[in-house]
Amino acid sequence: MAEMNSSVKIETRNLHLYYSSFHALKDINIAMKDRQITALIGPSGCGKSTFLRTLNRMNELIPNTRTEGRVMLDGEDIYQPTTDVVSLRKRVGMVFQRPNPFPKSIFENVAFGLRVLGIFSKREIEEKVEQSLKDAAIWPEVSDRLHRNALSLTLGQQQRLCIARVLAVEPEVVLMDEPCSALDPIATLKIEELMQELKKNYAIVIVTHNMQQAARTSDWTGFFLLGEMLEYAPTRDIFTRPKDKRTENYVTGRYG
Amino acid sequence: MPTDNDKNIQEIRKKIALNKLRDHLFWIIGLLSTLIGFVLLFTLIIDLFIDGFPRLGWQFFTSYPSRFPEKAGILSAWVGTILVMIVTAATAVPLGIAAGIYLEEYGKKNWLTHLIEINMNNLAGVPSIVYGLLALGLFVYFLKFGESILTGGLTLGLLILPMVVIATRESIRAIPNSIREASYALGATKWQTIKDHVLPYSFGGILTGVIIGLSRAIGETAPIITVGALTFIAFLPSSLITSEFPFLSFKWLMDPFTVMPIQMFNWISRPQTAFHINAAAAGIVLLLMTLFMNGFAIYLRYRFRKRIKW
C-alpha cells in the first residue's frame, strides 16, 4: 500500500513540546506523505494526540504550552512568528475524538466553515454543503432533514457530519484524533471506508487506540511511547517485522 | 451463641429505628422552615392585596401625586421607573456582557484577572447604599449629571453590573470546550467563534442574569434616594419623540424623576391611612412588575435549556 515516491506533506524536525515543565514530546522527526494515511499508535498518555495537535497548532489553546523545533507544511515552517494560525487551520482540518457538532442545524454546521472562508452567496453555500455531505458519505441519511438540529443524529452520523464540516473548508490535511472511539463497529466501518475515499485527495493523519484499525486503514504507522516516537515505517513492516522490541510488544498486545 | 446474636439484632434494630426517627425529625424541621418563609410571604402579599387592590384603577395609573390621597396616582413613578430601567439596561448589559466575555475568553489567567475576579465577586455583595454614595460623588458632583434620570439609571446600572458579569461568565463557562475547538479547527478567529457560537449558545443564561439583575434594580430605593430622586414630581420627563428632526430627544435623561419604591416610601411616611392604602396599591404594581420579569427569566431559561442539550 505504501508508495515510497509520494511527496512529503508534513515533516517535523526536532520537535519538542512542554506543558509547563512536563516534557510531553521528545525530539519527534517524521515525514508524512501526501494522499496517504499515517496512523499514530501507542498507549494512553504517550503524546500521540499532543503531537497531532501540534500540526494545526491547536495545542496552543492550552495555557503554558511551549513548542520547540520545526513543523514543515509543504516545506514551510508553521511555527514561524509570521505564520497566520487562522489560515493554517483552514489548510489543516481536524476531526475530534468525541463528535462535536455545533448545536445548530445540520446545514448550519457545514455552512459555518464556508462563511469563515468568506463565502456568502446563498447558492454557492447550498452547493458546497451538499457536496461536502456527499463527500462525507452522509448525504442520503440527512438530505431530507438538513434543517433539523445536528444533535438529533446518531453519534456515528454526527462524526461524519463533523468530517463533512472539515471537508467543506477544503483543507489539504485532515487530522483525526481517535475519530471512532465513541462509535459502534458499524459506524466505525463507515468512517474507515470514508477514509479510503478521502485519501485520494487529502493527506490523513489518524491517532488510534485500535491496532486493527491502524493495520486495516493506514499506509504508514508511527509508534509513540512516553513522548518519543520509537518507530516509523510502512504499516505492514510495523505489524509484521518491527525493529524495536517495544513496538513488537505493543502491536502483539503484550503491553499498553 | 444465639442469645448474643439476638442481642446484636436488637441493637441494630434500635439503631435503625433511631435513624428513622432522626429522618422524620429533619423532615418536619425542613417542612416547618419552608412553611414559615412561605406563609409569611403569602400573608404579606394577601395583606397588600386586601389593602391596595380596591385602589387600583385607571385613575391611579394616570394621576400625578397629590395632597389628596384619593386623587394621587403613580403616573410619574411608573414612567420614571421605566425610563430609569432603560438607562440601567443600556449601560449594565453591554458593559457586563463585554466584561464577562473578556474575562472568560480573552483574559489570560494572571494576577490581574484574578484581582478583577475577586473584586467582581465582592462588588456583587456591596450594600446598595454604598453604590448610592459613590454615584452621588461621581455622577452628581463630579460629572455634574445632576439629580437626573441619567444619574439614577447609571447608579442602578453600576449596582447590577457585577450580577450581569457573573451571569455572563457562568453561562459562557457552561459551553463545552469541544465546541470552541471545533470552531477554531475550522479556521475561525476568536471573534467569529464568540459571535457565532459562544454567545448564541449562552444567550439564555445571560438574558436570565440580566433580567434578574433588572428586577433587583427596579425595587432599589436607598441608592436612588442618595442621588437625590425627588419624592413629589407632578410632571413627566420630556418626551422621547419630538416633531422635529431627528424625531428622538434625549432631553429626558437630564430631567428630575421619581420611581415606584420612592413613591411608596413617600406615601408610607405620611400619617393619613388613605396614603398607606395608596402605598399598598403601588406595592402591588411593583410586585407584579418584578414577578413578571422573573417569570419571563424562568421562561427564557426553560426555553433555551430545552433547545440546546449537550
Side-chain angles (χ1 to χ4, degrees), chain A residues 49 52-53 55-64 84-105 108-118 132 149-152 158-159 161-171 173-177 182, chain B residues 100-117 168-208 300-310:
Chain A
S49 284
L52 197 72
R53 284 162 165 264
L55 302 180
N56 63 348
R57 291 178 64 171
M58 286 295 279
N59 54 346
E60 286 171 15
L61 298 179
I62 301 161
N64 299 322
D84 177 14
V85 185
V86 166
S87 53
L88 167 72
R89 290 185 186 141
K90 285 173 189 155
R91 294 174 65 193
V92 185
M94 188 162 201
V95 178
F96 296 85
Q97 185 171 359
R98 268 200 76 79
N100 55 355
F102 303 125
K104 295 186 171 187
S105 73
E108 277 304 316
N109 261 277
V110 185
F112 173 69
L114 297 167
R115 297 208 181 94
V116 163
L117 278 183
S132 309
N149 194 309
L151 294 172
S152 66
Q158 287 183 18
Q159 193 65 302
L161 175 65
C162 291
I163 296 176
R165 191 169 69 181
V166 170
L167 298 183
V169 187
E170 294 178 0
V173 182
V174 178
L175 308 176
M176 297 181 150
D177 188 359
Chain B
I101 291 173
Y102 174 79
L103 287 173
E104 271 315 301
E105 299 284 327
Y106 286 94
K108 292 203 169 65
K109 302 278 169 273
N110 56 24
W111 64 269
L112 185 70
T113 46
H114 263 291
L115 197 72
I116 295 176
E117 209 174 317
T168 304
R169 296 189 63 181
E170 271 167 9
S171 338
I172 286 181
R173 214 175 303 159
I175 294 170
N177 238 339
S178 61
I179 292 294
R180 291 183 188 87
E181 288 192 331
S183 174
Y184 290 135
L186 289 170
T189 60
K190 197 153 207 162
W191 175 239
Q192 281 168 331
T193 304
I194 292 169
K195 172 181 66 105
D196 286 350
H197 300 293
V198 174
L199 274 186
Y201 307 153
S202 56
F203 189 65
I206 295 176
L207 215 56
T208 309
L300 282 175
R301 190 159 50 194
Y302 171 74
R303 233 198 82 182
F304 278 90
R305 283 253 173 90
K306 222 172 69 170
R307 219 182 57 179
I308 296 178
K309 50 181 195 298
W310 306 108

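In what follows, chains are A, B, ... by sequence order, proteins preceding strands, each numbered from 1.
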K.L.:
Let me know if A/Val92 has heavy atoms under 4.5 Å from chain B in its side chain, its backbone, both or neither.
P.N.:
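The backbone, not the side chain.
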K.L.:
Taking B/Ser178, B/Ala188, B/Ala182 one by one, which has the highest count of heavy-atom pairs under 4.5 Å against chain A?
P.N.:
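Highest number of pairs under 4.5 Å: B/Ala182.
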K.L.:
What distance separates B/Ile175 CD1 from B/His197 NE2, expressed to the nearest 0.5 Å?
P.N.:
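One finds 10.5 Å between CD1 of B/Ile175 and NE2 of B/His197.
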K.L.:
Can you tell me which of A/Arg98, A/Arg57, A/Lys104, A/Met94 forms the most heavy-atom pairs within a distance under 4.5 Å of chain B?
P.N.:
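Ranked by contacts with chain B, first place is A/Lys104.
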K.L.:
Heavy-atom distance under 4.5 Å to chain B: side chain of A/Arg165, backbone, both or neither?
P.N.:
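Its backbone and side chain both get close to chain B.
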K.L.:
According to ring pair (Phe, Tyr, Trp, His ring centres under 6.0 Å), who are the partners of B/Tyr106, at least two apart in sequence or on a separate chain?
P.N.:
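In terms of ring pair (Phe, Tyr, Trp, His ring centres under 6.0 Å), with neighbours along the sequence ignored, B/Tyr106 is linked to no residue.
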K.L.:
Please flag which part of A/Val86 lies under 4.5 Å from any non-hydrogen atom of chain B: side chain, backbone, both or neither.
P.N.:
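For A/Val86, heavy atoms of backbone and side chain both lie under 4.5 Å from chain B.
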K.L.:
Side chain to side chain donor-acceptor pair (under 3.5 Å) with B/Glu117: which residues, sequence neighbours excluded?
P.N.:
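Testing B/Glu117 for side chain to side chain donor-acceptor pair (under 3.5 Å), a comparison that skips the adjacent residues, returns none.
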K.L.:
Find out whether A/Phe96 and A/Gln159 are in side-chain contact, i.e. whether some heavy atom of one side chain is under 4.5 Å from a heavy atom of the other.
P.N.:
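When only atoms from C-beta onward are counted, A/Gln159 and A/Phe96 do not touch, as no gap falls below 4.5 Å.
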K.L.:
If only side-chain N and O atoms count, and only distance matters, is there a donor-acceptor pair under 3.5 Å linking B/Ser183 with B/Thr193?
P.N.:
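B/Ser183 and B/Thr193 do have a side-chain donor-acceptor pair below 3.5 Å.
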